[in-house]
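Following: one structure in C-alpha coordinates, then a few remarks.
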Amino acid sequence: MDFRTRAIHVGQDRDSASGAIVPPIHVASTFVQPDVSMTAEYDYARTASPTRRGFETTLASLDNGVKALAFASGMAATHCVTQLLSPGDRIVTGTDIYGGTWRLFNKLLPQHGISVAAVDTSDLAAVAAAMTPATKLVWIESPGNPLLSITDIAGCAGIAQAGGALLACDATLATPVLTRPLDLGADIVMHSATKYLGGHSDLLGGAIVVRDPALGTRLHWVQNATGAVMGPFESFLCSRGLKTVDLRVRAQSATALALAEWLAAHPRVARVFYPGLPSHPGHALAARQMEGGFGGILSFELAGHCDAARRVVESTRLFQLAVSLGAVESLIELPAVMSHGSYDPAARRAVGIADGLIRLSVGLESFDDLRDDLAAALNSAASLN
Ligand SMILES: *Cc1c(COP(=O)(O)O)cnc(C)c1O
(Lines give C-alpha, C1' and ligand atoms only; values in the text may rest on other atoms or scores of the structure.)
Protein backbone atom coordinates (compact mmCIF):
# COMPACT_ATOMS: atom_id res chain seq x y z
CA MET A 1 0.00 0.00 0.00
CA ASP A 2 1.12 3.53 -0.66
CA PHE A 3 1.95 6.02 2.10
CA ARG A 4 -1.37 7.86 1.95
CA THR A 5 -3.39 4.65 2.08
CA ARG A 6 -1.38 3.32 5.03
CA ALA A 7 -1.83 6.65 6.82
CA ILE A 8 -5.59 6.04 6.78
CA HIS A 9 -5.88 2.27 7.14
CA VAL A 10 -2.91 0.72 8.98
CA GLY A 11 -3.55 0.45 12.72
CA GLN A 12 -6.97 2.04 12.36
CA ASP A 13 -9.36 -0.92 12.02
CA ARG A 14 -13.05 -0.20 12.48
CA ASP A 15 -14.53 -1.18 15.84
CA SER A 16 -15.53 -4.82 15.62
CA ALA A 17 -18.23 -4.50 18.30
CA SER A 18 -20.17 -1.60 16.76
CA GLY A 19 -18.89 -1.26 13.22
CA ALA A 20 -17.82 2.34 14.01
CA ILE A 21 -15.49 3.42 11.20
CA VAL A 22 -13.28 5.32 13.66
CA PRO A 23 -11.89 3.16 16.48
CA PRO A 24 -13.11 4.29 19.91
CA ILE A 25 -10.84 6.17 22.32
CA HIS A 26 -9.98 3.63 25.01
CA VAL A 27 -9.66 5.49 28.29
CA ALA A 28 -9.21 2.44 30.55
CA SER A 29 -6.16 2.41 32.81
CA THR A 30 -6.36 -1.33 33.48
CA PHE A 31 -7.49 -4.39 31.55
CA VAL A 32 -9.19 -7.44 33.04
CA GLN A 33 -7.07 -10.60 32.80
CA PRO A 34 -8.38 -14.07 31.96
CA ASP A 35 -6.02 -15.57 34.58
CA VAL A 36 -3.03 -14.57 36.71
CA SER A 37 -0.42 -15.18 34.01
CA MET A 38 -0.73 -11.56 32.70
CA THR A 39 -0.29 -12.78 29.12
CA ALA A 40 -3.24 -10.77 27.72
CA GLU A 41 -2.35 -8.21 25.01
CA TYR A 42 -3.08 -5.35 27.42
CA ASP A 43 -2.74 -5.23 31.18
CA TYR A 44 -1.98 -1.70 32.39
CA ALA A 45 -2.14 1.44 30.22
CA ARG A 46 1.37 2.70 30.96
CA THR A 47 2.76 -0.43 29.32
CA ALA A 48 0.41 -0.36 26.35
CA SER A 49 -3.09 0.81 25.51
CA PRO A 50 -5.23 0.29 22.41
CA THR A 51 -5.61 3.90 21.26
CA ARG A 52 -1.90 4.59 21.67
CA ARG A 53 -1.10 1.29 19.97
CA GLY A 54 -3.22 2.38 16.99
CA PHE A 55 -1.20 5.57 16.49
CA GLU A 56 2.09 3.73 17.05
CA THR A 57 1.16 1.11 14.46
CA THR A 58 0.31 3.70 11.82
CA LEU A 59 3.45 5.74 12.49
CA ALA A 60 5.74 2.68 12.44
CA SER A 61 4.33 1.87 9.01
CA LEU A 62 4.80 5.42 7.69
CA ASP A 63 8.43 5.52 8.86
CA ASN A 64 9.09 1.99 7.53
CA GLY A 65 9.99 0.83 11.04
CA VAL A 66 9.02 -2.23 13.07
CA LYS A 67 8.01 -0.46 16.27
CA ALA A 68 6.93 3.01 17.34
CA LEU A 69 6.56 4.34 20.87
CA ALA A 70 4.39 7.37 21.64
CA PHE A 71 5.27 9.77 24.44
CA ALA A 72 3.76 12.67 26.36
CA SER A 73 6.00 15.10 24.44
CA GLY A 74 8.83 15.19 21.97
CA MET A 75 11.28 15.87 24.80
CA ALA A 76 10.05 12.79 26.67
CA ALA A 77 10.77 10.76 23.51
CA THR A 78 14.28 12.23 23.23
CA HIS A 79 14.90 11.69 26.93
CA CYS A 80 13.93 8.01 26.58
CA VAL A 81 16.63 7.56 23.93
CA THR A 82 19.25 9.16 26.18
CA GLN A 83 18.37 6.64 28.93
CA LEU A 84 20.15 4.00 26.84
CA LEU A 85 23.42 5.74 27.83
CA SER A 86 25.55 5.26 30.96
CA PRO A 87 27.90 7.61 32.83
CA GLY A 88 31.07 8.10 30.79
CA ASP A 89 29.25 7.82 27.47
CA ARG A 90 29.28 10.62 24.97
CA ILE A 91 26.78 12.04 22.47
CA VAL A 92 27.84 13.66 19.21
CA THR A 93 25.17 16.09 18.12
CA GLY A 94 24.52 18.94 15.71
CA THR A 95 24.80 22.64 16.39
CA ASP A 96 21.57 23.51 14.51
CA ILE A 97 19.22 21.63 16.85
CA TYR A 98 15.99 22.24 18.72
CA GLY A 99 16.50 24.51 21.75
CA GLY A 100 14.97 22.03 24.19
CA THR A 101 17.24 19.25 22.94
CA TRP A 102 20.22 21.56 23.39
CA ARG A 103 19.12 22.19 26.99
CA LEU A 104 18.58 18.49 27.78
CA PHE A 105 21.94 17.50 26.30
CA ASN A 106 24.02 20.38 27.65
CA LYS A 107 22.39 21.18 30.99
CA LEU A 108 20.86 17.96 32.28
CA LEU A 109 22.78 14.99 30.89
CA PRO A 110 26.22 16.23 32.08
CA GLN A 111 24.84 15.95 35.65
CA HIS A 112 24.56 12.22 34.96
CA GLY A 113 28.08 11.85 33.61
CA ILE A 114 27.17 11.99 29.93
CA SER A 115 29.20 14.36 27.80
CA VAL A 116 28.15 16.08 24.61
CA ALA A 117 30.17 17.21 21.61
CA ALA A 118 28.35 19.59 19.27
CA VAL A 119 29.57 19.78 15.68
CA ASP A 120 28.18 21.02 12.41
CA THR A 121 26.63 17.73 11.28
CA SER A 122 26.15 19.01 7.72
CA ASP A 123 29.94 18.45 7.54
CA LEU A 124 30.50 14.66 7.60
CA ALA A 125 34.23 15.08 8.22
CA ALA A 126 33.43 17.03 11.40
CA VAL A 127 31.09 14.24 12.57
CA ALA A 128 33.75 11.60 11.91
CA ALA A 129 36.39 13.67 13.73
CA ALA A 130 34.17 14.03 16.80
CA MET A 131 33.72 10.26 17.25
CA THR A 132 35.58 8.69 20.20
CA PRO A 133 35.35 5.19 21.70
CA ALA A 134 33.00 6.65 24.33
CA THR A 135 30.55 7.91 21.69
CA LYS A 136 27.41 5.78 21.97
CA LEU A 137 24.87 8.06 20.29
CA VAL A 138 24.96 10.39 17.31
CA TRP A 139 21.95 12.71 17.39
CA ILE A 140 21.14 14.66 14.24
CA GLU A 141 18.30 16.83 13.03
CA SER A 142 17.60 17.33 9.33
CA PRO A 143 16.46 19.85 8.30
CA GLY A 144 18.00 21.61 11.29
CA ASN A 145 16.29 24.25 13.29
CA PRO A 146 16.27 27.25 12.92
CA LEU A 147 18.90 27.47 10.16
CA LEU A 148 17.48 24.61 8.04
CA SER A 149 20.88 22.97 7.66
CA ILE A 150 20.76 19.61 5.87
CA THR A 151 22.62 16.63 7.31
CA ASP A 152 23.53 13.58 5.23
CA ILE A 153 21.62 10.89 7.14
CA ALA A 154 23.11 7.93 5.24
CA GLY A 155 26.63 9.39 5.66
CA CYS A 156 26.11 9.79 9.42
CA ALA A 157 24.70 6.27 9.64
CA GLY A 158 27.94 4.91 8.18
CA ILE A 159 30.04 6.94 10.62
CA ALA A 160 27.93 5.97 13.65
CA GLN A 161 27.95 2.30 12.72
CA ALA A 162 31.70 2.26 12.17
CA GLY A 163 32.12 3.81 15.63
CA GLY A 164 29.75 1.40 17.36
CA ALA A 165 27.22 4.16 18.10
CA LEU A 166 23.51 4.44 17.44
CA LEU A 167 22.28 7.09 15.02
CA ALA A 168 19.11 8.92 16.05
CA CYS A 169 17.50 11.47 13.78
CA ASP A 170 15.03 14.13 14.93
CA ALA A 171 12.83 14.24 11.83
CA THR A 172 10.22 16.61 13.25
CA LEU A 173 10.70 19.16 10.46
CA ALA A 174 10.92 16.59 7.68
CA THR A 175 8.07 14.29 8.81
CA PRO A 176 7.80 10.77 7.37
CA VAL A 177 6.26 12.40 4.29
CA LEU A 178 9.51 14.03 3.16
CA THR A 179 12.26 11.84 4.69
CA ARG A 180 12.40 8.34 6.15
CA PRO A 181 15.66 8.19 8.12
CA LEU A 182 15.34 4.46 8.95
CA ASP A 183 15.53 3.70 5.22
CA LEU A 184 18.77 5.73 5.13
CA GLY A 185 20.39 3.72 7.91
CA ALA A 186 19.36 5.59 11.06
CA ASP A 187 18.61 3.36 14.05
CA ILE A 188 16.06 5.64 15.66
CA VAL A 189 13.80 8.35 14.26
CA MET A 190 12.26 10.82 16.68
CA HIS A 191 9.30 13.15 16.08
CA SER A 192 7.72 15.87 18.13
CA ALA A 193 4.13 14.82 17.38
CA THR A 194 3.13 18.26 18.67
CA LYS A 195 4.12 19.59 15.28
CA TYR A 196 3.19 18.08 11.88
CA LEU A 197 1.93 14.68 13.04
CA GLY A 198 -0.82 16.24 15.16
CA GLY A 199 -0.78 19.22 12.85
CA HIS A 200 -3.43 21.41 14.46
CA SER A 201 -1.74 23.07 17.50
CA ASP A 202 -4.01 21.12 19.84
CA LEU A 203 -1.85 18.46 21.47
CA LEU A 204 1.57 17.75 22.97
CA GLY A 205 3.23 14.49 22.02
CA GLY A 206 6.33 12.74 20.79
CA ALA A 207 7.35 9.47 19.21
CA ILE A 208 10.32 7.29 18.38
CA VAL A 209 10.41 4.65 15.67
CA VAL A 210 13.02 1.90 15.19
CA ARG A 211 13.78 -0.78 12.63
CA ASP A 212 15.45 -3.28 15.00
CA PRO A 213 12.97 -5.20 17.20
CA ALA A 214 15.56 -5.70 19.98
CA LEU A 215 16.23 -1.96 20.18
CA GLY A 216 12.47 -1.42 20.22
CA THR A 217 12.16 -3.77 23.18
CA ARG A 218 14.92 -1.95 25.10
CA LEU A 219 13.32 1.43 24.47
CA HIS A 220 9.87 0.16 25.43
CA TRP A 221 11.36 -1.13 28.67
CA VAL A 222 12.70 2.38 29.41
CA GLN A 223 9.40 3.97 28.42
CA ASN A 224 7.46 1.66 30.71
CA ALA A 225 9.97 2.14 33.54
CA THR A 226 9.87 5.94 33.34
CA GLY A 227 6.25 6.42 32.29
CA ALA A 228 6.03 9.52 30.07
CA VAL A 229 3.52 7.93 27.71
CA MET A 230 1.05 9.57 25.34
CA GLY A 231 -2.52 9.61 26.65
CA PRO A 232 -5.53 8.18 24.80
CA PHE A 233 -7.01 11.48 23.64
CA GLU A 234 -3.70 12.72 22.22
CA SER A 235 -3.20 9.34 20.57
CA PHE A 236 -6.59 9.68 18.87
CA LEU A 237 -5.74 13.23 17.70
CA CYS A 238 -2.38 12.04 16.34
CA SER A 239 -4.05 9.19 14.46
CA ARG A 240 -6.45 11.69 12.95
CA GLY A 241 -3.57 14.01 12.10
CA LEU A 242 -1.68 11.27 10.28
CA LYS A 243 -4.59 10.73 7.89
CA THR A 244 -3.93 14.15 6.32
CA VAL A 245 -0.22 14.60 7.02
CA ASP A 246 0.79 13.84 3.44
CA LEU A 247 -1.60 16.42 2.00
CA ARG A 248 -0.74 19.04 4.58
CA VAL A 249 3.04 18.73 4.41
CA ARG A 250 3.14 18.78 0.61
CA ALA A 251 0.90 21.86 0.47
CA GLN A 252 2.87 23.63 3.21
CA SER A 253 6.14 22.82 1.45
CA ALA A 254 4.87 24.28 -1.82
CA THR A 255 3.77 27.50 -0.12
CA ALA A 256 7.03 27.72 1.85
CA LEU A 257 9.06 27.41 -1.36
CA ALA A 258 7.03 30.17 -3.02
CA LEU A 259 7.47 32.42 0.03
CA ALA A 260 11.21 31.66 0.20
CA GLU A 261 11.59 32.67 -3.45
CA TRP A 262 9.55 35.81 -2.90
CA LEU A 263 11.55 36.77 0.23
CA ALA A 264 14.87 36.10 -1.50
CA ALA A 265 13.94 38.68 -4.15
CA HIS A 266 12.70 41.24 -1.60
CA PRO A 267 14.99 44.28 -1.25
CA ARG A 268 14.62 44.42 2.53
CA VAL A 269 15.67 40.79 3.03
CA ALA A 270 19.39 40.06 3.33
CA ARG A 271 19.35 36.28 3.52
CA VAL A 272 16.87 33.42 3.29
CA PHE A 273 17.50 29.95 4.79
CA TYR A 274 15.43 27.35 2.95
CA PRO A 275 16.74 24.04 1.57
CA GLY A 276 14.47 24.34 -1.46
CA LEU A 277 16.44 27.33 -2.75
CA PRO A 278 19.38 26.47 -5.02
CA SER A 279 21.44 29.04 -3.06
CA HIS A 280 21.14 26.92 0.12
CA PRO A 281 24.36 24.97 0.79
CA GLY A 282 22.37 21.80 1.48
CA HIS A 283 20.12 22.07 -1.56
CA ALA A 284 21.60 19.25 -3.65
CA LEU A 285 21.66 16.87 -0.70
CA ALA A 286 18.12 17.87 0.31
CA ALA A 287 16.94 17.20 -3.24
CA ARG A 288 18.32 13.65 -2.95
CA GLN A 289 17.35 12.95 0.64
CA MET A 290 13.89 14.55 0.71
CA GLU A 291 10.99 13.82 -1.58
CA GLY A 292 7.78 15.71 -2.18
CA GLY A 293 9.09 19.06 -0.93
CA PHE A 294 11.57 20.79 1.35
CA GLY A 295 9.30 21.37 4.34
CA GLY A 296 7.18 24.17 5.70
CA ILE A 297 9.80 25.98 7.81
CA LEU A 298 12.08 28.76 6.61
CA SER A 299 13.98 31.56 8.21
CA PHE A 300 15.42 34.86 7.04
CA GLU A 301 17.46 37.87 8.09
CA LEU A 302 16.65 41.46 7.25
CA ALA A 303 19.00 43.95 5.75
CA GLY A 304 19.81 46.74 8.19
CA HIS A 305 18.80 47.35 11.76
CA CYS A 306 18.23 44.47 14.13
CA ASP A 307 15.17 46.06 15.80
CA ALA A 308 13.42 45.79 12.46
CA ALA A 309 13.11 42.03 12.98
CA ARG A 310 11.22 42.57 16.21
CA ARG A 311 8.94 45.06 14.43
CA VAL A 312 8.24 42.58 11.63
CA VAL A 313 7.33 39.64 13.89
CA GLU A 314 5.13 41.90 15.99
CA SER A 315 3.24 43.33 13.05
CA THR A 316 2.13 40.39 10.92
CA ARG A 317 -1.55 39.52 11.24
CA LEU A 318 -1.92 36.08 9.64
CA PHE A 319 1.49 34.89 10.79
CA GLN A 320 0.85 34.74 14.53
CA LEU A 321 3.64 35.44 16.99
CA ALA A 322 4.29 32.12 18.72
CA VAL A 323 6.84 29.35 19.12
CA SER A 324 6.07 25.86 17.80
CA LEU A 325 5.57 24.89 14.19
CA GLY A 326 3.94 22.43 11.85
CA ALA A 327 0.27 23.27 12.27
CA VAL A 328 -2.40 24.60 9.92
CA GLU A 329 -1.91 28.16 11.24
CA SER A 330 1.15 30.08 10.08
CA LEU A 331 3.47 31.24 12.86
CA ILE A 332 6.32 33.73 13.07
CA GLU A 333 8.95 34.11 15.78
CA LEU A 334 12.44 35.32 16.71
CA PRO A 335 14.47 32.18 17.58
CA ALA A 336 17.17 34.06 19.55
CA VAL A 337 14.71 35.14 22.24
CA MET A 338 11.88 32.64 21.74
CA SER A 339 12.31 29.04 20.50
CA HIS A 340 16.07 29.01 21.02
CA GLY A 341 16.14 31.18 24.16
CA SER A 342 17.28 28.12 26.12
CA TYR A 343 20.67 28.19 24.33
CA ASP A 344 23.45 30.10 26.06
CA PRO A 345 23.68 33.42 24.16
CA ALA A 346 27.34 32.81 23.27
CA ALA A 347 26.61 29.28 22.00
CA ARG A 348 23.66 30.61 20.02
CA ARG A 349 25.71 33.25 18.24
CA ALA A 350 28.58 30.85 17.67
CA VAL A 351 26.30 28.51 15.71
CA GLY A 352 25.02 31.36 13.55
CA ILE A 353 21.60 32.12 15.03
CA ALA A 354 21.61 35.90 14.63
CA ASP A 355 19.60 38.02 17.06
CA GLY A 356 17.54 39.29 14.13
CA LEU A 357 16.83 35.89 12.56
CA ILE A 358 13.10 35.44 11.85
CA ARG A 359 11.59 31.93 11.58
CA LEU A 360 8.35 31.16 9.78
CA SER A 361 6.20 28.06 10.09
CA VAL A 362 4.06 28.10 6.99
CA GLY A 363 0.51 26.90 7.52
CA LEU A 364 -2.28 26.07 5.11
CA GLU A 365 -3.48 29.61 4.37
CA SER A 366 -3.17 30.78 0.75
CA PHE A 367 0.18 31.92 -0.61
CA ASP A 368 -1.26 35.29 -1.71
CA ASP A 369 -2.59 36.12 1.74
CA LEU A 370 0.63 35.07 3.48
CA ARG A 371 2.79 37.04 1.04
CA ASP A 372 0.65 40.15 1.46
CA ASP A 373 0.90 39.80 5.23
CA LEU A 374 4.71 39.63 5.10
CA ALA A 375 4.89 42.47 2.58
CA ALA A 376 2.90 44.74 4.88
CA ALA A 377 5.03 43.79 7.91
CA LEU A 378 8.29 44.37 6.02
CA ASN A 379 6.98 47.77 4.96
CA SER A 380 6.00 48.74 8.48
CA ALA A 381 9.55 47.99 9.64
CA ALA A 382 11.04 50.11 6.87
CA SER A 383 11.30 53.21 9.07
CA LEU A 384 13.86 51.46 11.28
CA ASN A 385 16.39 50.95 8.51
C1 LIG B 1 9.14 20.88 19.27
C2 LIG B 1 10.34 20.12 18.91
C3 LIG B 1 10.90 19.19 19.80
C4 LIG B 1 10.36 18.94 21.18
O5 LIG B 1 9.06 18.46 21.15
P6 LIG B 1 7.96 18.77 22.30
O7 LIG B 1 6.77 18.05 21.79
O8 LIG B 1 7.81 20.26 22.37
O9 LIG B 1 8.50 18.23 23.57
C10 LIG B 1 12.02 18.50 19.39
N11 LIG B 1 12.57 18.71 18.17
C12 LIG B 1 12.05 19.58 17.31
C13 LIG B 1 12.72 19.78 15.98
C14 LIG B 1 10.94 20.33 17.64
O15 LIG B 1 10.45 21.23 16.77
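Atoms within each ligand, like the ligands themselves, are counted from 1 in listed order. Here the structure is a predicted model, which is why all the values come from computation and not from measurement.
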A quick test of your reading: do over 12 heavy atoms of other residues, nucleotides or ligands sit less than 6.0 Å from CZ of Arg371? yes
I'd like to know if the side chain of Ser315 pairs up with that of Ser380 as donor and acceptor (distance under 3.5 Å, no hydrogens or angles considered). yes
Can a side-chain donor-acceptor contact be found between Thr135 and Thr132 if the only test is distance below 3.5 angstrom? yes
Specify the protein heavy atom at minimum distance from atom 5 (O) of ligand 1: its residue, its atom name, and the distance to 0.1 Å. Ser192 OG, 3.0 Å
Would you mind running through ligand 1 and noting each atom that sits below 4.0 Å from a heavy atom of Glu141? 13 (C)
N/O separation below 3.5 Å, Met75 to ligand 1: yes
Considering only non-hydrogen protein atoms, determine which one is nearest to atom 6 (P) of ligand 1 and report residue, atom name and distance to 0.1 Å. Gly74 N, 3.3 Å
Scan side-chain atoms only and decide if Thr5 and Asp2 contain a donor-acceptor pair under the 3.5 Å cut-off. no
of all protein heavy atoms, closest to atom 7 (O) of ligand 1 is Thr194 OG1, 2.7 Å
Under-4.0 Å salt bridge between Asp355 and Arg349: yes
With respect to atom 11 (N) of ligand 1, which of Leu204, Leu173, Thr172, Asp170 exhibits the smallest heavy-atom separation? Asp170
Starting from atom 10 (C) of ligand 1, locate the nearest protein heavy atom and write down its residue, its atom name and how far away it is, to 0.1 Å. Tyr98 CD2, 3.4 Å
Of all the non-hydrogen atoms in the protein, which one sits nearest to atom 2 (C) of ligand 1, and at what distance? Lys195 NZ, 2.5 Å
Quick one: does Ala77 get within less than 4.0 Å of ligand 1, heavy atoms only? no
Taking the basic N atoms (NZ, or NE/NH1/NH2) and the acidic carboxylate oxygens, is any pair closer than 4.0 Å for Arg317 and Asp372? no
Within 4.0 Å of some non-hydrogen atom of Gly205, the atoms of ligand 1 are 7 (O)
Is the distance between the ring centroids of Phe294 and His283 under 6.0 Å? yes
